[in-house]
Every structure is written in C-alpha cells, then in structure tokens.
Amino acid sequence: MEVREIRKQLEEKLNRPEWTLSYDHKEAKLRIEDKELKKGMTIALKPLLAKVERLGDRAISEMVHYVQTGMAAFKKQTTIKGNEKRIFPVIRATSFPEENRDGHRLLFDEHTAETRVYYSLDLGDSYTLLHEQQLSREEMSAKEIREMALFNLRSLSEPLKADKVAGNTFYFLNSNDGYDASRILNESLLEKMSQKVEGQLAVAAPHQDVLIFADIVNERGYDVLAQVTMQFYAQGRIPITALPFLYEDGELEPTFILAQRKPKE
C-alpha cells in the first residue's frame, strides 16, 4: 500500500458535510477541521503507512475511530467542577506541545528526562487536556488538579499479565482505559513491584496504552527489555519513549541499553 491509497481510504471514511478535509502534499499530512468550530486534527500519513504495513486495515480503523472521537470531543462543553473524579494524569514525551491549538498553555509537570505529566478531563470515549486558562476561569489551582489526578489514578485497577523469557519475568499492564502508561506515577504500585522482583526492577512506558515492568535477573533480560520496548514504541498510537527506566530508591532513571549488554552505572 502507498500513501495515496491510505489518503483515499481516510478521505472516504472521514467525509462529512460538517468537516473540511485538506491535504499537504509536501508533508504528506491530512487535516480534518470542523467548519463551525475551526478546530481539527492532523494525521501524518507516513508513520501511519508503517503501521498499516504491520497491522493491515486495523491501523486505519483505529485512526478513523481516534479522529471521530477527537472531533466529537471538540463539541463537548468541558468543565472541571462537577467532574473532579474524571481528572487523570497522562504521560507524554518531552517533545509533546506545551500549548494547545488555541494557543493556551497546557498544564503539565516535568517527570523524567524523557517524559512529562499532562492532566486530562476524561470524556468517556475521549479526553481533553487541561490548560492554565481553564483553571483560571474555574478558579482552581494546579496543585488541586494534581492531587485530584493522582488520587483518581490510584483508584484504577492494575491488571498484570506475566511472561518469562530466559529466566527474566516481564509484566504487562494493558487495560485499554487510556491511562496504562500513567500508572507509572502510582508510587505505591512501583514500590509493590520493587518488593516483588528478585533482581533489578525496570519499567517502560513505550506508548500510552501499555506499561511494562521487568524483573531482570541476567544480561539477556536487558536485551529482551530493549527489544520489547522498541517494538511497543513503534506500534503505539501515542508513543512516549523507547528508553526503559531503572527503578531504584524511589527514582526512575532512563537507561539506554545496548544489545546483549547490561547498562553500566
């Protein structure tokens, strides 16, 4: 399949009278915009092509659903007060924009050298990221939002599936609620996993919808972790970081792992 074929399929599936579709040939990006709100979303087709080659039509269906729910979210009136239980943190790469498309500065905190923490209002089938003007309008502080978000995060389930490779145990958290990677902020979960492992605890958040814990007991484990993290990173709709973290003394340290080599101190 080629980029032009993906563009054609998307244009057919996203053709609505209330939306305007425009294509940037130079950047190979498709823009979908609501005619009334003058807001929209942009799809980069080259990365999508790589996913289609791996996942087939599923990749296109997922993108169409992502756009439809995102465009619907623009029309929803979102207020924080009255929806406090729907505030959650989301992990993003440090390259993620600091402002939304309207030029409002998003509420975020630095997390690690690779990641930031943004804050969202869950809308059911989508979410919206909170911005500083919104907090000012509703007379709420950033501290209040952080406390709400972390409290709500701790209420989420923590389903783990285990897989053992060369004596190393890997635990995958993939509940598909949009906050799998966010659970890396749950200090009690990290501490519980650190008590559970026999070797070195490593944690990876390659994309929004998965969190990986690894009980590394030999050098082969580091190599497998690097490969698995990169694979998930490449497949994620919202990639975060391909670098795993080592967890020691309550701290997360991004770690570059060379194939077949344990990272050196």
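Of the possible donor and acceptor atoms, one in the side chain of R183 sits under 3.5 Å from a partner among the backbone N and O of S157. In this structure, the side chain of D215 engages the main chain of G199 through a donor-acceptor pair within 3.5 Å. The closest donor-acceptor contact from the side chain of K35 to the backbone of P17 lies under 3.5 Å. Between the side chain of N168 and the backbone N or O of I216, no donor-acceptor pair lies under 3.5 Å. No donor-acceptor pair closer than 3.5 Å links the side chain of T128 to the backbone N or O of L121. Checked by atom type and distance alone, the side chain of R116 never pairs as donor or acceptor with a backbone atom of F108 at under 3.5 Å. Panel note: side chain N15, backbone E12; no donor-acceptor pair is recorded below 3.5 Å. R154 places no side-chain N or O within donor-acceptor distance of the main-chain N or O of S188, the cut-off being under 3.5 Å. Side chain of N186 to backbone of L153: no donor-acceptor contact under 3.5 angstrom is found. Under a 3.5 Å cut-off, the side chain of D223 and the backbone N or O of E219 do not form any donor-acceptor pair.
In this structure, OH on Y118 lies 11.0 Å from CG on N100, to the nearest 0.5 angstrom. In this structure, the separation between CG on L106 and OG on S120 is 11.5 Å, given to the nearest 0.5 Å. The structure places CG of L10 at 7.5 Å from CD1 of I32, a figure rounded to the nearest 0.5 Å. To the nearest 0.5 angstrom, Q208 atom CD is 7.0 Å from I240 atom CD1. Annotation: the span from K38 atom NZ to T20 atom OG1 amounts to 6.5 Å, rounded to 0.5 Å. Separation of atoms CD (E253) and CD (E114) is listed at 10.0 Å; rounding is to 0.5 Å.
Contact between V203 and L211 at its shortest, heavy atoms only, is CG1-CD1, 3.8 Å. Taking each heavy atom of P206 and Y233 in turn, the nearest pair found is O-CD1, 3.4 Å. Heavy-atom minimum distance, I184 versus A205: CD1-CB, 4.5 Å. Of all the heavy atoms in Q134 and L129, the pair that sits closest is OE1-O, 4.2 Å. Residues W19 and L14 share a closest heavy-atom pair of CE3-O, 3.4 Å. When all heavy atoms of T169 and A162 are compared, the closest pair comes out as CG2-CB, 4.3 Å.
Heavy-atom neighbours of R58 CZ from other residues, nucleotides or ligands within 6.0 Å: at or below the threshold of 12. Heavy-atom neighbours of K161 NZ from other residues, nucleotides or ligands within 6.0 Å: at or below the threshold of 12. The environment of N176 atom CG is dense: over 12 non-hydrogen atoms of other residues, nucleotides or ligands sit within 6.0 angstrom. More than 12 heavy atoms of other residues, nucleotides or ligands shown are found within 6.0 angstrom of CD on E132. At most 12 heavy atoms of other shown residues, nucleotides or ligands fall within 6.0 angstrom of atom CD in E36.
A side chain to side chain contact (heavy atoms under 4.5 Å, CB included) with L201 holds for exactly one of Q195, E191, M193; it is M193.
Using a 3.5 Å distance cut-off with no hydrogens or angles, the side chains of Y179 and N152 do not pair a donor with an acceptor. Using modelled atom types and a 3.5 Å distance limit, the side chains of Q133 and R105 yield no donor-acceptor pair. Between the side chains of Q231 and Q227, no donor-acceptor pair is found at a separation under 3.5 Å. Side chains of T42 and R31: a donor-acceptor N/O pair is present below 3.5 angstrom, by distance only.
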From CA spacing to verdict: side-chain contact (heavy atoms from CB on, under 4.5 Å), V52, E5: CA-CA 11 Å; V52 169; E5 295 176 87; over 6 Å; no

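L49 is connected to V67 through a chain of hydrophobic side-chain contacts under 4.5 Å among Ile, Leu, Val, Met, Phe, Trp and Tyr, so both are in one cluster. Both L123 and I87 belong to a common hydrophobic cluster when Ile, Leu, Val, Met, Phe, Trp and Tyr are linked at side-chain heavy-atom distances under 4.5 angstrom. Connection of L30 to Y66 is established within a shared hydrophobic cluster, with ILVMFWY side chains joined at heavy-atom distances below 4.5 Å, either directly or through further cluster members. At a threshold of 4.5 Å between side-chain heavy atoms, the hydrophobic network of Ile, Leu, Val, Met, Phe, Trp and Tyr places L225 and M230 in two separate groups. In terms of hydrophobic clustering, with Ile, Leu, Val, Met, Phe, Trp and Tyr side chains grouped at heavy-atom distances under 4.5 Å, I91 and L150 are assigned to a common cluster.
Side-chain contact check for F213 versus L189: some heavy-atom pair is nearer than 4.5 Å. With contacts defined as side-chain heavy-atom distances shorter than 4.5 Å, the pair T229/L243 does not qualify. M63 is not listed as a side-chain neighbour of Q9, based on a closest heavy-atom distance of 4.5 Å or more. Here the side chains of M41 and M71 are in contact, with some heavy-atom distance below 4.5 Å. Side-chain atoms of I80 and I145, non-hydrogen and from C-beta on, do get closer than 4.5 Å to each other. Here the side chains of R237 and H65 are not in contact, with every heavy-atom distance at 4.5 Å or above. With contacts defined as side-chain heavy-atom distances shorter than 4.5 Å, the pair T79/E138 qualifies. Contact of the V90 side chain with the I238 side chain is not registered, since no non-hydrogen atoms from C-beta on lie closer than 4.5 Å.
Judged by a 6.0 Å distance limit and a 45° cone about the ring axis, R7 is positioned over the six-membered ring of Y23.
Between F232 and H207, the two ring planes are tilted [angle within 30° to 60°].
Sorted by first and then second residue, the salt bridge (Lys or Arg N to Asp or Glu O under 4.0 Å) pairs with a member in residues 192-214 read E158-K192; sequence neighbours excluded.
Not counting sequence neighbours, Y119 has no partner by the ring pair (Phe, Tyr, Trp, His ring centres under 6.0 Å) test.
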